[in-house]
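These notes concern the structure reproduced below.
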Amino acid sequence: MKSFDTNYKLLDKMYKDAYFPNFLVDKVKNEVQKVIDLLESGETDTEIVQEKLDEVVCAINDLQDKFDENDSEIETVARDCIGETVGYILEWFHIPIDIEEAIRERDW
C-alpha cells in the first residue's frame, strides 16, 4: 500500500490566506483526509473512490454556513485550492478520475 506524499501540504493556499479561519480549513482538511485514508488502505476501485469523494465534497458543502458566520466563504481561492488538492491526491495514487468529476457534488 502506498502512503501519501508527506511533503505535500494539504490546502496550503487556504492556510496561508487569513481570509479563511484555520479551524475551518482544518475541517475541510479532515474531510479530504478521508479520501487519503481510503486510498492508503489500497482501494483503487474508481466507483468506491468516487463515492467517498462525493461524501467528502457534500461534507465540505455543509461547512459553507460556518465560513459565512466567520466572515469568509468558499470562493475562488478556496475552490481552486480544494480542487488542486484533490487533483494532486488522485494523481499521487494513480486514480483515473477527472478532477471535475471528482468534485462534481460541490456547490461552491
Side-chain angles (χ1 to χ4, degrees):
M1 291 178 280
K2 186 175 183 176
S3 294
F4 186 61
D5 182 356
T6 56
N7 295 316
Y8 187 82
K9 294 181 174 137
L10 296 172
L11 307 172
D12 194 42
K13 288 179 187 173
M14 288 179 75
Y15 279 114
K16 288 181 177 178
D17 190 331
Y19 179 68
F20 306 107
N22 281 350
F23 81 97
L24 289 174
V25 181
D26 288 343
K27 290 180 183 291
V28 174
K29 181 180 174 183
N30 289 340
E31 291 302 322
V32 171
Q33 185 63 48
K34 293 175 183 178
V35 176
I36 294 170
D37 293 344
L38 176 68
L39 295 170
E40 285 182 333
S41 78
E43 185 60 65
T44 58
D45 184 311
T46 55
E47 287 184 29
I48 293 171
V49 174
Q50 185 62 61
E51 285 175 17
K52 179 58 74 177
L53 286 161
D54 290 346
E55 176 185 306
V56 162
V57 169
C58 287
I60 295 170
N61 290 345
D62 292 343
L63 293 172
Q64 288 186 102
D65 287 341
K66 294 286 183 199
F67 276 90
D68 287 341
E69 290 167 12
N70 287 277
D71 300 319
S72 185
E73 65 180 299
I74 301 176
E75 43 72 74
T76 306
V77 171
R79 282 193 301 268
D80 290 348
C81 183
I82 295 166
E84 288 169 13
T85 297
V86 169
Y88 186 88
I89 292 165
L90 294 173
E91 185 177 318
W92 180 263
F93 287 101
H94 306 290
I95 303 298
I97 299 175
D98 177 75
I99 187 59
E100 290 302 317
E101 183 68 13
I103 56 176
R104 65 187 179 189
E105 293 295 328
R106 75 188 181 286
D107 61 12
W108 25 268

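We number each residue from 1, following the sequence as shown.
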Show me the side-chain donor-acceptor pairs of residues 96-103 shorter than 3.5 Å, one per line, residues at least two apart or across chains.
| unit_1 | atom_1 | unit_2 | atom_2 | d |
| --- | --- | --- | --- | --- |
| D98 | OD2 | E100 | N | 3.0 |
| E100 | OE1 | R106 | NH2 | 2.8 |
| E101 | OE2 | R104 | NH1 | 2.4 |

Show me the donor-acceptor pairs within less than 3.5 Å that the side chains of residues 17-28 make with the rest of the protein, sequence neighbours left out.
| unit_1 | atom_1 | unit_2 | atom_2 | d |
| --- | --- | --- | --- | --- |
| D17 | OD1 | Y19 | N | 2.9 |
| Y19 | OH | E73 | N | 3.4 |
| D26 | OD1 | Y15 | OH | 2.5 |

Would you tabulate the side-chain donor-acceptor contacts of residues 37-46 under 3.5 Å, counting partners in other chains and residues two or more places apart, or write 'none'?
| unit_1 | atom_1 | unit_2 | atom_2 | d |
| --- | --- | --- | --- | --- |
| D37 | OD1 | Q33 | NE2 | 2.8 |
| E40 | OE2 | F4 | N | 2.7 |
| S41 | OG | L38 | O | 2.5 |
| E43 | OE2 | D45 | N | 3.0 |
| D45 | OD1 | E47 | N | 2.8 |
| D45 | OD1 | I48 | N | 3.3 |

Side chains of residues 64-71: which donor-acceptor partners sit under 3.5 Å, not counting sequence neighbours?
| unit_1 | atom_1 | unit_2 | atom_2 | d |
| --- | --- | --- | --- | --- |
| Q64 | NE2 | N61 | O | 3.4 |
| Q64 | NE2 | D107 | OD1 | 2.6 |
| N70 | ND2 | K66 | O | 2.8 |

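For the pair L90 and L53, the minimum side-chain heavy-atom distance is below 4.5 Å. The shortest side-chain heavy-atom distance between F93 and V49 does not fall under the 4.5 Å cut-off. Using a 4.5 Å heavy-atom threshold, the side chains of L10 and I36 count as touching.
S3 meets the side chain to side chain donor-acceptor pair (under 3.5 Å) test with no other residue; sequence neighbours excluded. Applying the salt bridge (Lys or Arg N to Asp or Glu O under 4.0 Å) criterion to K13, with sequence neighbours excluded, gives E84. Looking at residues two or more places apart in sequence or on another chain, you find a side chain to side chain donor-acceptor pair (under 3.5 Å) between D12 and K16. For K52, the side chain to side chain donor-acceptor pair (under 3.5 Å) partners at least two apart in sequence or on another chain are E55. Q50 meets the side chain to side chain donor-acceptor pair (under 3.5 Å) test with D54; sequence neighbours excluded. Taking D5 as the reference, N7, Y8, Y88, W92 meet the side chain to side chain contact (heavy atoms under 4.5 Å, CB included) condition, with sequence neighbours excluded. The salt bridge (Lys or Arg N to Asp or Glu O under 4.0 Å) test applied to E75 returns no partner, not counting sequence neighbours.
In this structure, CE on M14 lies 11.0 Å from CG on D80, to the nearest 0.5 angstrom.
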Exercise. Apply side-chain contact (heavy atoms from CB on, under 4.5 Å) to V86 and V57, showing your working.
Key: CA-CA 10 Å; V86 169; V57 169; 6.0 Å; no
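Heavy atoms only, all atoms of each residue included: I60 and E31 are closest at CG1-CB, 4.1 Å.
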